[in-house]
Student: 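Pasting a structure below so you can have a look.
Labels below follow one simple rule: chain letters A, B, ... track the order of the sequence lines, proteins then strands, and each chain is numbered from 1.
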There are 2 protein chains.
Amino acid sequence: IAKEVAKLLEMKAQLGGDEGKPKFVLKTPKGTRDYGPKQMAIRERVFSAIISCFKRHGAEVIDTPVFELKETLTGKYGEDSKLIYDLKDQGGELLSLRYDLTVPFARYLAMNKITNIKRYHIAKVYRRDNPAMTRGRYREFYQCDFDIAGQFDPMIPDAECLKIVHEILSDLQLGDFVIKVNDRRILDGMFAVCGVPDSKFRTICSSVDKLDKVPWEEVRSEMVGEKGLSPEAADRIGEYVQLHGGLDLIERLLQDAKLSQNKLAKEGLGDMKLLFEYLTLFGITGKISFDLSLARGLDYYTGVIFEAVLLQQENEHVEELVGVGSVAGGGRYDGLVGMFDPKGRKVPCVGVSIGIERIFSILEQKLEASEEKIRTTETQVLVASAQKKLLEERLKLISELWDAGIKAEMLYKKNPKLLNQLQYCEDTGIPLVAIVGEQELKDGVVKLRIVATREEVNIRRESLVEEIRTRTSQP
Amino acid sequence: IAKEVAKLLEMKAQLGGDEGKPKFVLKTPKGTRDYGPKQMAIRERVFSAIISCFKRHGAEVIDTPVFELKETLTGKYGEDSKLIYDLKDQGGELLSLRYDLTVPFARYLAMNKITNIKRYHIAKVYRRDNPAMTRGRYREFYQCDFDIAGQFDPMIPDAECLKIVHEILSDLQLGDFVIKVNDRRILDGMFAVCGVPDSKFRTICSSVDKLDKVPWEEVRSEMVGEKGLSPEAADRIGEYVQLHGGLDLIERLLQDAKLSQNKLAKEGLGDMKLLFEYLTLFGITGKISFDLSLARGLDYYTGVIFEAVLLQQENEHVEELVGVGSVAGGGRYDGLVGMFDPKGRKVPCVGVSIGIERIFSILEQKLEASEEKIRTTETQVLVASAQKKLLEERLKLISELWDAGIKAEMLYKKNPKLLNQLQYCEDTGIPLVAIVGEQELKDGVVKLRIVATREEVNIRRESLVEEIRTRTSQP
């Protein structure tokens with residue numbers, strides 16, 4: 001009986017509360033969040049830094065729909081395809097939410113027969129992944145992508161992508177970082193000389209990709225146990241993936257008895273050397289690490305791959321954020337556009353994606369710790385009145401100010417108290433108050449109050465716009 | 001047999017082309033489009049005009065997820081609910097793509113117990129509607145929403161919303177427009193005095209809403225035939241919905257023998273009068289029409305409603321665009337937040353939504369007709385070389401420029417021809433070329449070429465950044 005009662009109570013709870021009102025779950029979907037005004041202010045700062053960098057490098061901007069035909073995304077993401085959000089079949093085409101901005105970009109190039117473009121694209125992407133929201137891992141998140149498509153001399157666009165990551169991470173002052181670099185051809189060559197069968201390259205690559213999260217022993221047992229690799233091959237891989245360094249390591253591997261015999265590995269190492277030469281000219285090799293354990297999960301990479309990792313927080317109180325992980329990644333994908341072109345014509349591409357949610361999480365926590373006050377509006381002046389019955393005069397004045405391009409607010413009350421009006425300025429950071437009163441109206445002036453100093457000056461009505469502009473212009 | 005062959009051929013076509021390559025449909029989903037660099041340049045101009053207006057009025061900005069729990073959207077859109085995109089049930093919560101930004105805003109307010117905010121939100125919304133893309137009607141489209149939430153003195157925020165529509169449409173120079181205004185209370189009062197039963201108010205309101213697209217006769221027959229309204233009631237409605245005007249009409253209806261007896265209508269008309277007084281102070285009544293045929297489709301409106309319509313195109317060649325229809329709309333919805341609050345606490349709201357796709361369609365066609373050249377990048381200088389083997393010098397110079405904040409590009413070739421480099425500037429509108437050569441390197445200078453005039457000057461390397469800044473600064 002107790003069981004039955006419990007069941008009935010549960011059913012009642014599901015059906016609604018006591019007042020018969022349907023029970024609402026008042027939340028955003030799992031793995032998503034709202035951005036309030038304060039968070040948006042931070043987010044727009046980050047976007048602005050990223051966009052100016054992309055524009056500094058001469059990129060155009062494009063946009064694509066949030067969903068694609070399901071088949072457009074099929075077969076592009078390897079084991080991660082299970083994380084794609086599908087739309088319900090409501091008649092018509094089968095659709096999926098985009099998983100990244102790279103596949104839509106390739107579809108866009110093939111569809112419009114574009115063989116040459118440098119573009120950025122900032123938009124949300126969707127993954128049915130396990131969210132870890134305090135660490136900035138969401139199911140809906142922004143990607144900021146910069147890609148260079150076209151047939152060019154080797155490693156020049158690739159080097160620019162790394163320069164961009166370097167510029168953005170330095171600009172945002174997130175603390176120390178390192179950009180790991182590797183090449184899919186070096187990985188494949190390494191797999192070959194270690195004795196991995198061709199058919200297992202991609203799946204073994206996925207295992208290597210986990211090395212930034214789990215220790216080698218675990219990855220090894222996945223390779224041997226789940227994926228059927230011989231223990232000897234796994235151990236040989238284990239030796240290589242420990243290696244990281246700079247030009248010296250590249251030179252050493254170019255002399256490596258086994259690797260140097262493999263065509264793919266040799267090509268990859270040759271290009272890696274060229275890349276490091278260009279990065280030296282850019283003066284950024286100090287933060288670049290050639291790292292043989294870097295694999296990157298996505299199927300479509302064909303050459304250079306890279307990933308930027310924050311090393312530690314400047315703010316030592318936020319200890320759990322140490323090793324917040326990857327904040328940018330990318331690589332070369334020379335075959336993806338050809339998968340969409342009806343004749344298979346290839347357009348070589350290389351690009352970088354900045355993962356701003358993690359960056360944003362860090363900045364949000366920093367800002368909360370610092371107690372810096374962020375303004376969430378840009379209002380220059382509050383139009384106020386000292387006496388009652390001046391609503392009409394306030395409406396007239398604010399309309400004049402708006403029409404002159406001044407950012408102005410007023411309280412939506414017929415007869416607000418002056419104190420409340422001043423308090424509103426204190427709360428929201430509005431620097432000026434334009435006060436209309438009987439006497440001022442007679443004299444053809446407006447009393448302008450400077451909130452910070454409490455100073456008040458009478459300004460002739462026809463000079464008010466100019467006065468507000470002067471007093472609120474940024475140096 | 002012919003039938004069987006046809007079937008087999010169809011199957012073959014579905015399976016793939018002659019080369020056994022899977023047949024791809026290379027397109028975006030129905031009712032959606034890509035935005036290329038040129039379109040984005042136009043779109044960003046429009047956004048920038050709209051955002052500055054919203055900021056001028058002191059709005060904060062928020063963002064919400066692209067999907068909501070399905071139940072969040074249920075019961076908010078009346079007959080249009082069938083147009084909501086649902087996500088496939090892949091385990092976990094049932095989700096739908098947002099249909100507008102208003103319901104997510106109300107959910108956000110209730111969830112965060114916010115009773116007072118002025119915010120804007122610019123984002124894409126989704127409707128499984130019949131697309132008419134040349135007229136700017138899409139299944140994925142941007143809305144630019146500005147809303148004022150809070151308990152205030154009547155019609156002050158409402159008047160500001162209309163002022164905002166007026167400012168934006170004037171600013172964008174789309175040609176003449178009119179903003180139609182009505183009030184749900186006036187409509188309901190009118191329905192009551194015409195003899196519409198209470199239970200039919202919403203569905204008859206939906207019929208009235210069609211008057212901007214179909215003639216009265218058709219709407220009347222829907223009311224009488226499909227919705228079972230008496231012919232007499234329909235005819236009485238028919239008389240009212242022909243009326244439109246200004247303060248004079250409001251005064252007349254306040255004296256109307258039947259309407260003035262209805263409490264709701266009287267309230268609505270009283271507020272309408274107040275609204276027109278405020279709009280007179282704003283100096284915008286010239287473009288406002290109190291129009292009894294305006295109904296607006298959405299269920300959640302409770303007071304003032306409005307809709308802005310472009311009257312005709314400035315460009316007379318685009319004749320099919322005459323009456324492009326609504327480019328902005330909005331109204332008061334005082335009950336929506338209460339539907340989300342567990343205790344039903346109400347937060348009065350009024351807001352406006354700018355439909356930028358139609359505006360964008362018009363501007364795009366205008367621009368194509370005018371042959372104005374739009375730059376799609378902001379690059380200030382191309383780093384070029386006149387001789388071969390100067391790739392390293394170009395990389396060094398461009399890196400210096402980037403680090404100094406100069407927007408710079410170079411061709412991704414080891415040894416590009418000078419002519420091709422200059423041609424690239426002509427094509428993309430880059431105003432300056434910084435040319436490195438053997439002699440210039442020896443002399444410690446860079447040759448700066450002004451593309452427009454073909455003038456060339458030698459600039460000392462240490463002055464180059466300043467020189468580029470001066471020559472490309474906007475007045």
Side-chain angles (χ1 to χ4, degrees), chain A residues 24-30 32 34-37 40 55-56 58-69 71 85-88 90 92-93 95 107-108 110-111 119 124 128 140 152-153 156-157 167 278 281-283 340 342 376-379 392 395-396 399 402 405 407 409 412-414, chain B residues 24-30 32 34-37 40 55-56 58-69 71 85-88 90 92-93 95 107-108 110-111 119 124 128 140 152-153 156-157 167 278 281-283 340 342 376-379 392 395-396 399 402 405 407 409 412-414:
Chain A
F24 251 103
V25 186
L26 202 56
K27 67 186 283 291
T28 62
K30 185 179 177 191
T32 68
D34 294 321
Y35 283 76
M40 285 299 281
K55 286 190 173 171
R56 196 156 60 234
E60 303 180 285
V61 58
I62 71 160
D63 192 22
T64 65
V66 81
F67 43 59
E68 295 277 345
L69 297 185
E71 60 181 356
Y85 276 99
D86 292 328
L87 269 73
K88 190 170 153 186
Q90 295 172 291
E93 302 159 331
L95 307 173
R107 192 265 308 145
Y108 170 79
M111 192 171 133
R119 81 88 183 82
K124 288 172 172 177
R128 293 177 49 254
E140 173 188 62
F152 301 116
D153 281 324
I156 311 178
E167 283 178 25
Y278 296 158
L281 293 167
F282 287 159
F340 289 107
T376 54
T377 69
E378 297 174 10
T379 308
E392 299 206 346
L395 287 172
K396 248 196 260 178
S399 182
W402 284 332
K407 295 172 188 133
E409 285 184 71
Y412 301 121
K413 285 192 156 287
K414 265 185 165 164
Chain B
F24 251 103
V25 186
L26 201 56
K27 67 187 283 292
T28 62
K30 187 180 175 188
T32 68
D34 293 322
Y35 283 76
M40 286 299 281
K55 287 191 173 170
R56 196 158 59 235
E60 304 180 286
V61 57
I62 72 159
D63 192 24
T64 65
V66 82
F67 42 60
E68 294 277 345
L69 298 185
E71 59 181 358
Y85 276 99
D86 292 328
L87 267 72
K88 190 169 153 185
Q90 295 172 292
E93 303 158 330
L95 307 173
R107 191 267 305 144
Y108 170 80
M111 191 172 134
R119 79 89 181 82
K124 288 172 173 177
R128 292 176 50 253
E140 173 188 61
F152 302 116
D153 281 324
I156 311 178
E167 283 179 25
Y278 296 158
L281 293 168
F282 287 161
F340 289 107
T376 54
T377 69
E378 298 174 9
T379 308
E392 301 205 344
L395 288 171
K396 247 195 261 177
S399 182
W402 285 332
K407 295 170 190 136
E409 286 184 70
Y412 301 121
K413 284 192 157 288
K414 266 185 163 163

Student: At their closest point, which heavy atom of L87(A) faces which heavy atom of Y85(B), and how far apart are they?
Tutor: CD2-CD2, 3.5 Å

Student: Which residues satisfy the salt bridge (charged side-chain N to carboxylate O under 4.0 Å, His left out) test with K55(B), sequence neighbours excluded?
Tutor: E378(A)

Student: Among T377(B), I62(B), D34(B), which residue forms the greatest number of heavy-atom pairs with chain A at distances under 4.5 Å?
Tutor: D34(B)

Student: Side chain, backbone, both or neither: which part of L69(A) has a heavy atom under 4.5 Å from chain B?
Tutor: both

Student: With respect to chain A, which residue among T379(B), T64(B), V61(B) yields the maximal number of heavy-atom pairs within a distance under 4.5 Å?
Tutor: V61(B)

Student: Not counting sequence neighbours, which residues clear side chain to side chain contact (heavy atoms under 4.5 Å, CB included) with T32(B)? List them please.
Tutor: P65(A), F67(A), T28(B), P29(B), E140(B)

Student: Highest number of heavy-atom pairs under 4.5 Å with chain B: which of K414(A), K30(A), R128(A)?
Tutor: R128(A)

Student: Report which part of A110(B) has an atom under 4.5 Å of a heavy atom belonging to chain A: side chain, backbone, both, or neither.
Tutor: both

Student: Report which part of K124(B) has an atom under 4.5 Å of a heavy atom belonging to chain A: side chain, backbone, both, or neither.
Tutor: side chain

Student: At a heavy-atom separation under 4.5 Å, does E392(A) approach chain B through its side chain, its backbone, both, or neither?
Tutor: both

Student: Give the member of G405(A), A59(A), S399(A), G92(A) that has the highest number of heavy-atom pairs under 4.5 Å with chain B.
Tutor: S399(A)

Student: Of the non-hydrogen atoms in D63(A) and M40(B), which two are nearest, and what is the gap between them?
Tutor: CB-SD, 3.7 Å

Student: Please state whether the side chain, the backbone, both or neither of L95(B) comes within less than 4.5 Å of a heavy atom of chain A.
Tutor: side chain

Student: Using 0.5 Å steps for rounding, measure from the NZ atom of K88(A) to the NZ atom of K88(B).
Tutor: 12.0 Å

Student: Please give me the minimum heavy-atom distance between E167(B) and W402(A), naming the atom from each residue.
Tutor: OE2-CB, 3.5 Å

Student: Apply side chain to side chain contact (heavy atoms under 4.5 Å, CB included) to the pair E93(B) and K27(A), showing each step before the final yes or no.
Tutor: CA-CA 11 Å; E93(B) 303 158 330; K27(A) 67 186 283 291; 2.5 Å; yes

Student: For the interface with chain A, which of K396(B), Q90(B), K413(B), M111(B) has the highest count of heavy-atom pairs at distances below 4.5 Å?
Tutor: Q90(B)

Student: I need the minimum non-hydrogen distance between F152(B) and Y412(A), along with the two atoms involved.
Tutor: CB-O, 3.3 Å

